[in-house]
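One structure is given here, and the rest of the page talks about it.
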Amino acid sequence: MAEYHDVLEELNKHTSLHDKVIAAHKSISETFPFIVRIAITIYDQDTKTLKTYLHSSGDDSPLEHYQVSLDDAPSLKAILDKGLPRIVNNLLTFEEGHHEHSTRIGRQGYAASYTLPMFNNGVFFGFIFFNSDKTDVFTENVLQQIDVYAHLISLTVINELISIQTLAAAVKTTSRITHLRDPETGTHLDRMSRYSRLIATVVADKYNLDDAYIEHIFMFSPLHDIGKISMPDSILLKPGKLDDDEKTIMKTHAAKGREMIDELLENFGLKNIEYIGMLRNIAELHHEAINGTGYPSGMKGNAIPIEARIVAVADVFDALTSARPYKEAWSNEKAIKTLKSLAGETLDQDCVNALLQNMDQVEAIQQQFVENIYG
Ligand code: C2E
Ligand code: SIN
Ligand code: SIN
Ligand code: FE
Ligand code: FE
């Protein structure tokens, strides 16, 4: 018998989610050449927003780094409310009389589109878009075949997202068990992960960061201080300044963090998570300084990975504006002054600018995730 190649064999390999979506698209377009793009948006339950995540076209998406409240995307909300996919065979007609300019996540610049909601055990987690460059192509026969691909892609995406959730849950449980009074819980992590995403979005063009990268910064940044789990309470919760010996011990939290991440990945069988190098860098390198005075390795400038530079700014800004066992919360004005003086010295100038130029969004994050006595 002649050798036969599974048309979707790419999906079996250990490649990135992005490469898998590209492979699925390539396979679909052999049968349906009019499908010129597959795009995925994911849903943030906390803020009820949709965020662009991945797409298969090589060029820049018309809507890269975009997010919209589900309530402001009525035609997408209708898909969810009805529980049915949406077929638009002529987007030019569909657009007439609509004012959804800000909500056109998946269809901009295309002639027709097919949109399916993605669910995991009944919980909505995003949409998948198939865009066509021709009108009137989504017939029932075509849709039946595309549905199979859509479900495969949806499973691949959820597999990735669940791995990260598992890791985050493992970290949370580990920290609960070892440190019932961990000072860095709750709203600090909510805020700093959103500052990190904000900064990443602003510097994305300069550093060539795509949506999936930005989303991973958001998901991974709350784990930056995982190494603090191994610090004794006498240091971690000390109500005053640390002495030199205590500082030396505290500084080991960075390298410890990386070791703990490696151990968790090993123990939970999660070593194949995409972008896992980013997480290691965030845990280990978030206290490196641009001028080389940071720890653990004293790297300088652009040698420090961008994810670590981004998280450093988010972490310091939130540390300054939050109460810690050793300090009161500072006002935004005072923290802004300090950030300006640190920019170009210890903190990355672009990342500081990104945050300070978007104080309206910073304040919105602070209002949504308010500090309480429990952190
Ligand atoms: P953290 O509280 O999450 O602070 C993160 C970083 O924010 C600090 O890294 C520092 O760069 C900045 N930061 C926080 N508070 C201040 C401040 O009052 N002034 C200025 N200029 N920067 C501030 P750093 O210094 O490497 O500290 C790492 C961790 O060590 C801190 O994480 C905290 O858990 C602990 N730590 C640092 N200093 C003290 C202290 O005096 N007392 C106690 N109990 N813990 C401390
Ligand atoms: C919408 O239709 O409201 C946005 C989604 C899309 O662009 O297909
Ligand atoms: C909090 O902000 O959530 C608690 C105190 C801290 O920042 O660690
Ligand atoms: Fe830290
Ligand atoms: Fe922190």
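Counting starts at 1 for both ligands and their atoms, in listed order.
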Taking distance alone, with no angle check, do Lys327 and ligand 1 share an N/O pair under 3.5 Å? no
Check whether any N, O or S atom of Asp225 sits under 2.8 Å from the Fe ion (ligand 5). yes
Mind checking whether His224 and His253 have ring centres under 6.0 Å apart? no
Looking only at N, O or S atoms, find the one in His287 nearest to the Fe ion (ligand 4) and name it.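 Atom name of the closest N, O or S in His287: NE2.
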Can you name the atoms of ligand 1, numbered from 1 with element, that are less than 4.0 Å from a heavy atom of [X]?
| X | result |
| --- | --- |
| Leu320 | 16 (C), 17 (C), 19 (N), 20 (C), 22 (N), 23 (C) |
| Ala319 | 4 (O), 5 (C), 7 (O), 14 (C) |
| Gly240 | 40 (C), 41 (O), 42 (N), 43 (C), 44 (N) |
| Arg324 | 1 (P), 2 (O), 3 (O) |

Tell me which part of Lys228 gets within contact of ligand 1: side chain, backbone, both or neither, using heavy atoms under 4.0 Å.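 The part of Lys228 near ligand 1 is the side chain, not the backbone.
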Angular separation of His253 NE2 and His286 NE2 about the Fe ion (ligand 4), given to 10°: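 Here the angle at the metal atom is close to 100°, to 10°.
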Would you verify whether the NZ or CZ of Arg197 falls within 45 degrees of the ring axis of Phe218 while also being under 6.0 Å from that six-membered ring's centre?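 Yes, a cation-pi geometry holds between Arg197 and Phe218.
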Taking atom NZ as the centre, does Lys327 end up with more than 12 heavy-atom neighbours from other residues, nucleotides or ligands that are less than 6.0 angstrom away? yes
Which atom, counting only N, O or S, brings Asp315 closest to the Fe ion (ligand 5)? OD1
Considering Leu242, Asp315, Ile235, which one's heavy-atom position lies nearest to atom 5 (C) of ligand 1? Asp315
On a heavy-atom basis, I'd like to know which of Tyr295, Tyr326, Phe317 is closest to atom 28 (C) of ligand 1.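 Checking each option, the heavy atom nearest atom 28 (C) of ligand 1 is found in Tyr295.
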Provide the full list of side chain to side chain donor-acceptor pair (under 3.5 Å) pairs with a residue in residues 254-264, sequence neighbours left out, each pair given once.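 Every side chain to side chain donor-acceptor pair (under 3.5 Å) pair that includes a residue of residues 254-264, provided the two are not neighbours, is Arg258-Glu284, Asp262-Arg280.
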Any donor and acceptor pair, going by atom type alone, linking the side chain of Ser322 with main-chain N or O of Ala319 inside 3.5 Å?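 Checking the backbone N and O of Ala319 against the side chain of Ser322, no donor-acceptor pair under 3.5 Å is found.
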Could you confirm whether His224 has any N/O/S atom lying under 2.8 Å from the Fe ion (ligand 4)? no
Can His286 and Asp225 be counted as having a side-chain donor-acceptor contact under 3.5 angstrom?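 Yes, a side-chain donor-acceptor pair sits under 3.5 Å.
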Test side chain to side chain donor-acceptor pair (under 3.5 Å) applied to Arg194 and Asp44, Asp318, Thr47, the passing residue: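 The passing option is Asp44.
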Using every non-hydrogen atom in the two residues, find where Phe124 and Gln45 come nearest and quote the distance to one decimal.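 Scanning both residues, the minimum pair turns out to be O-NE2, 3.0 Å.
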For side chain to side chain donor-acceptor pair (under 3.5 Å), just list the numbers for Asp147 and Tyr114, CA-CA rounded to whole Å, side-chain angles, deciding distance to a tenth of an Å, and then say yes or no. CA-CA 10 Å; Asp147 282 346; Tyr114 179 50; 2.4 Å; yes
